[in-house]
Every structure is written in structure tokens, then in C-alpha cells.
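This report refers to the structure that appears directly beneath it.
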Amino acid sequence: MKWIRIKGLLCAALLAVSAPAWSVDIDKLVNLSQGDFRKLSEDAGAAFSYHPQTPTEPLGIVGFDVGLSLTMSKLANKDVWARASSSSVPDYVPIPTLRANKGLPLGFDVGLMYAKVPGSDVSLWGAEGRWAFIRGGIAAPAVGLRGTYTKVTGVDQLDLNTKGLDISASKGFAMLTPYIGVGRTWVSSTPHVANLGKEDFALNKLFIGAGFNVFLFNMNFEVDQTGDSTAYSLKAGMRF
């Protein structure tokens with residue numbers, strides 16, 4: 001089947017980015033000033049914040065959206081990361097992710113995700129809850145509010161989590177469903193080295209994407225701008 005072949009190509013891409021050249025460890029924070037740590041935290045908050053990767057249109061009570069995705073998040077402050085890491089730092093951090101969303105009654109959806117950065121100790125989990133207060137139809141778009149949370153784990157020198165709130169809209173056209181949204185991401189970044197203090201701040205978020213469905217097969221492409229960092233995401237899976 002076509003969707004199996006395309007999903008296989010995505011899996012191959014995820015394996016390709018697991019080479020040591022993509023490794024990003026955060027294990028030398030002691031080398032940073034407080035200003036540098038703020039820049040690193042902004043990049044990390046953008047990269048590890050919740051990327052929706054799904055249209056606003058609710059799934060419905062029997063609906064599911066499950067798949068594999070790959071997000072490539074650009075580091076706006078690569079020089080800072082190079083000082084904070086003992087590994088080779090790429091221009092983009094690859095974040096392969098397992099994702100699942102479930103439809104609930106009354107236009108509500110919930111979602112979970114898990115990710116691990118290849119070649120590093122950095123892993124990530126997150127959750128979302130979304131309410132489409134306008135569910136959309138033949139002529140009207142779906143419009144919804146989403147709350148999100150992510151937590152970075154596996155990094156001895158850093159505790160980082162994000163909370164997000166956004167509003168988005170989508171409208172289906174045959175097999176294609178474009179969507180767009182804006183929001184705010186709050187980042188809490190706590191270092192575990194003596195010379196640095198905690199950083200709490202907020203970043204603006206703008207994202208645009210499109211989902212493509214053929215029977216059960218779904219592909220989704222998204223561009224996300226959070227703070228000064230841009231992330232590109234591709235997801236393949238099933239949506240029904």
C-alpha cells in the first residue's frame with residue numbers, strides 16, 4: 001500500500017539522523033554566562049515546545065490520529081550551544097517523535113507525544129488538550145483553543161519545561177486541510193551548575209501547516225516559528 005511505503009521512507013529518514021554527527025548533549029553549562037544560558041534556553045524552549053502537527057478540525061468521538069514525525073529545529077545561537085556541549089552541534093536539532101491524538105465529545109481532542117534526540121541523552125514528552133469551539137463544516141473553518149505542556153528529561157545539568165496556549169483555524173478542501181495558528185510559549189529553564197540561575201520567560205509562536213489524507217493514510221507538513229527559531233516538521237501515519 002502507498003501509505004506503508006511512504007511511512008517506510010519516513011522511518012528510514014529517522015534512522016538516518018541517528019548518526020553521531022547529529023549528537024547534541026548539554027553537559028558543559030559551566031562554560032556559559034547567564035546571558036548565554038538565556039540564549040540557549042530560548043533555543044531549547046523553541047525546539048522542545050509542543051509542535052501541533054495536526055489541523056484544528058476535531059477528530060470526533062471515535063477518531064484517532066497516530067504517526068511518526070521528524071522535526072528539524074534551527075539553532076539561532078549555535079555558538080552558545082557549541083560551548084555548552086561536548087558533542088558536535090548541528091545547525092538543526094533533529095527531533096523524531098511518536099505522536100497520538102484521540103477525539104472526545106463536544107469538539108475536544110487530547111494528544112500525547114514522546115521524542116528522543118538521536119545520539120544524545122535528551123528525551124522529551126508532551127501533552128495537549130484542544131477544544132474546537134467552532135467545529136467547521138462545508139463552508140466554515142474549524143477554530144480552536146489548545147493548551148500544551150512539554151518536559152525535557154535525561155539531562156543532568158538542566159531541567160526544562162514549556163507550557164503553551166494557542167488559537168488555530170483549519171479548513172478542509174477535498175484531501176487537503178491547511179491550518180494556521182498563533183500562540184504563546186512559557187519556558188522554565190533551571191540549570192544545575194553553581195554559576196547560573198533559573199530563567200523564566202515567554203516566546204511568541206506562529207505555525208502554519210497542512211494535512212493530506214488518502215483513506216486512512218495521513219501526511220502532515222508544518223513550519224513553526226517560536227521566538228527566533230524556525231522548525232520544520234513532517235509526519236506520516238493514520239488519521240480516521
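Numbers here simply count residues along the sequence, with the first being 1.
To the nearest 0.5 Å, atoms CD (Glu57) and OG (Ser168) are separated by 11.5 Å. The OG1 atom of Thr162 sits 9.5 Å away from atom CG of Leu203, with the distance rounded to the nearest 0.5 Å. From Asp79, atom CG reaches atom CG of Asp36 across 7.5 Å, with rounding to the nearest 0.5 Å.
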Audit row: Val223, Thr230, side chain to side chain contact (heavy atoms under 4.5 Å, CB included) steps and yes/no: CA-CA 7 Å; Val223 181; Thr230 303; 4.0 Å; yes
Take Leu59 and Asn101 through the side chain to side chain contact (heavy atoms under 4.5 Å, CB included) test and state the conclusion after the steps. CA-CA 8 Å; Leu59 288 164; Asn101 289 76; 3.9 Å; yes
Is there a side-chain hydrogen bond (donor to acceptor under 3.5 Å, both in side chains) between Ser86 and Asp25? Walk through the geometry before answering. CA-CA 7 Å; Ser86 60; Asp25 286 313; 4.8 Å; no
Take Arg239 and Leu216 through the side chain to side chain contact (heavy atoms under 4.5 Å, CB included) test and state the conclusion after the steps. CA-CA 6 Å; Arg239 183 180 175 92; Leu216 296 181; over 6 Å; no
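A donor-acceptor pair is defined here as one N or O able to donate and one able to accept, closer than 3.5 Å; no such pair exists between the side chain of Lys235 and the backbone of Leu98. In terms of modelled atom types and a separation under 3.5 Å, the side chain of Thr148 and the main chain of Gly164 share a donor-acceptor contact. Thr150 places a side-chain N or O within 3.5 Å of a backbone atom of Phe48 that can act as its donor or acceptor partner. Ser85 contributes a side-chain N or O that, together with a main-chain N or O of Ser87, makes up a donor-acceptor pair within less than 3.5 Å. At distances below 3.5 Å, not a single donor-acceptor pair connects side-chain atoms of Thr190 with backbone N or O atoms of Ser188. For Gln225 (side chain) and Leu206 (main-chain N/O), no donor-acceptor pair under 3.5 Å exists by modelled atom type. Side-chain atoms of Glu42 do not come within 3.5 Å of backbone N or O of Ala44 as any donor-acceptor pair.
Counting heavy-atom neighbours within 6.0 Å of Asp156 CG, excluding the residue itself, gives a total of 12 or less. Dense packing is recorded around CG of Asn195, with more than 12 heavy atoms of other residues, nucleotides or ligands lying under 6.0 Å away. When the shell of 6.0 Å around CZ of Phe215 is examined, it contains 12 or fewer heavy atoms from other residues, nucleotides or ligands. For Lys39, the NZ atom is loosely surrounded, since the number of other residues' heavy atoms within 6.0 Å does not exceed 12.
The ring-ring contact (aromatic ring centres under 6.0 Å, His included) search around Tyr232 returns none, not counting sequence neighbours. Checked against salt bridge (charged side-chain N to carboxylate O under 4.0 Å, His left out), Lys102 has no partners two or more places apart in sequence or in another chain. Qualifying ring-ring contact (aromatic ring centres under 6.0 Å, His included) partners for Phe108, counting only residues two or more places apart in sequence or in other chains: Trp131. For the side chain to side chain contact (heavy atoms under 4.5 Å, CB included) test, residues two or more places apart in sequence or in another chain that qualify with Tyr149 are Trp125, Lys151, Asn161, Lys163. Residues meeting the ring-ring contact (aromatic ring centres under 6.0 Å, His included) test with Phe240, sequence neighbours left out: Phe64. Residues satisfying the salt bridge (charged side-chain N to carboxylate O under 4.0 Å, His left out) criterion with Arg130, sequence neighbours excluded, are Asp109, Glu128. For Asp43, the salt bridge (charged side-chain N to carboxylate O under 4.0 Å, His left out) criterion is met by no residue, not counting sequence neighbours. Legend: residues meeting side chain to side chain contact (heavy atoms under 4.5 Å, CB included) with Ala84, ordered by chain and number and at least two apart, are Leu29, Leu32, Leu40.
Leu112 and Leu124 fall into different hydrophobic clusters, where Ile, Leu, Val, Met, Phe, Trp and Tyr side chains are chained together by heavy-atom contacts under 4.5 Å. Leu106 and Ile61 sit in two unconnected hydrophobic clusters of ILVMFWY residues. Membership requires side-chain heavy atoms under 4.5 Å apart, directly or through other members.
Taking the side chain as every heavy atom from C-beta outward, Met113 and Ile95 never approach each other to under 4.5 Å. In this structure, Tyr179 and Phe207 have side chains that are in contact, with non-hydrogen atoms separated by less than 4.5 Å. The shortest distance between side-chain heavy atoms of Ser189 and Leu158 falls below 4.5 Å.
Connectivity analysis of hydrophobic side chains (ILVMFWY, heavy atoms under 4.5 Å, direct or indirect) links Leu165 to Trp186. Members clustered with Val30: none, using a 4.5 Å side-chain heavy-atom cutoff among hydrophobic residues.
Among residues at least two apart or in separate chains, salt bridge (Lys or Arg N to Asp or Glu O under 4.0 Å) pairs with a member in residues 201-216 are Lys205-Asp224. For residues 174-201, every residue pair satisfying the salt bridge (Lys or Arg N to Asp or Glu O under 4.0 Å) rule, not counting sequence neighbours, is listed here: Arg38-Glu199, Lys198-Asp200.
Asp159 and His192 are linked by a side-chain donor-acceptor pair at a separation below 3.5 angstrom, with hydrogens and angles left out of the test. No side-chain N or O of Ser69 forms a donor-acceptor pair with one of Glu222 less than 3.5 Å apart.
Stacking of Lys116 on the aromatic ring of Tyr114 is not recorded, the 6.0 Å distance cut-off and the 45° axial limit not both being met.
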